[in-house]
Amino acid sequence: MAEPVDMPKVTEKQAKPWHARGAVTFLRSARAHRLHAACVLALVLGLRRGGVLGPRRQDIDFDQRRFTPFKRVQDPLIG
């Protein structure tokens with residue numbers, strides 16, 4: 001039987017949003033990166049990692065120009 005242990009304390013870091021100039025600079029510098037589209041989604045739509053990785057083609061309505069993510073991907077280490 002395992003012995004009980006004390007869980008480490010996790011401190012939440014306060015997010016520091018970028019100004020528009022910083023976001024544009026980042027996107028320009030990442031233009032050639034294979035995950036550039038994911039970076040655009042994250043910045044423009046405010047999606048988190050799971051929201052960026054989960055969308056499927058049927059989540060995008062090109063006629064109405066609407067994106068509705070229904071599925072999110074969870075990090076198996078976080079849950």
Side-chain angles (χ1 to χ4, degrees):
M1 178 178 255
E3 294 183 27
V5 296
D6 292 329
M7 295 296 293
K9 294 186 180 193
V10 178
T11 56
E12 296 275 333
K13 292 183 179 179
Q14 187 69 21
K16 295 179 183 177
W18 285 348
H19 293 285
R21 177 177 278 165
V24 169
T25 301
F26 169 76
L27 289 176
R28 284 183 181 155
S29 67
R31 187 173 286 152
H33 194 278
R34 65 184 180 91
L35 296 177
H36 180 259
C39 294
V40 171
L41 283 175
L43 284 171
V44 173
L45 300 177
L47 297 177
R48 295 180 183 172
R49 185 179 359 174
V52 171
L53 299 176
R56 300 158 297 175
R57 184 166 175 83
Q58 61 259 34
D59 296 337
I60 304 170
D61 184 347
F62 291 101
D63 295 330
Q64 297 292 321
R65 300 181 68 179
R66 186 169 297 180
F67 171 67
T68 310
F70 290 107
K71 182 179 179 185
R72 289 181 292 153
V73 175
Q74 286 189 326
D75 187 336
L77 298 177
I78 297 173

(message) Assigning hydrophobic clusters by single linkage (Ile, Leu, Val, Met, Phe, Trp, Tyr; side-chain heavy-atom cutoff under 4.5 Å), is V40 placed with L35?
(response) no
(request) Under the ring-ring contact (aromatic ring centres under 6.0 Å, His included) rule, collect the residues that match up with F67, sequence neighbours excluded. (result) none
(request) Please identify each residue that fulfils side-chain contact (heavy atoms from CB on, under 4.5 Å) with R21, with sequence neighbours left out. (result) T25
(request) Output all residues satisfying side-chain contact (heavy atoms from CB on, under 4.5 Å) with D61, sequence neighbours left out; order by chain, then residue number. (result) D63, Q64, R66
(message) List the residues meeting side-chain contact (heavy atoms from CB on, under 4.5 Å) with R28, not counting sequence neighbours, and say none if there are none.
(response) V24, R31
(message) Run the side-chain contact (heavy atoms from CB on, under 4.5 Å) test against A23 and tell me which residues pass, sequence neighbours left out.
(response) W18, L43
(message) So D59 and T68, do their side chains get closer than 4.5 Å, heavy atoms only?
(response) no
(request) Sort and list the pairs that fulfil ring pair (Phe, Tyr, Trp, His ring centres under 6.0 Å) and have at least one residue in residues 37-64, not counting sequence neighbours. (result) none
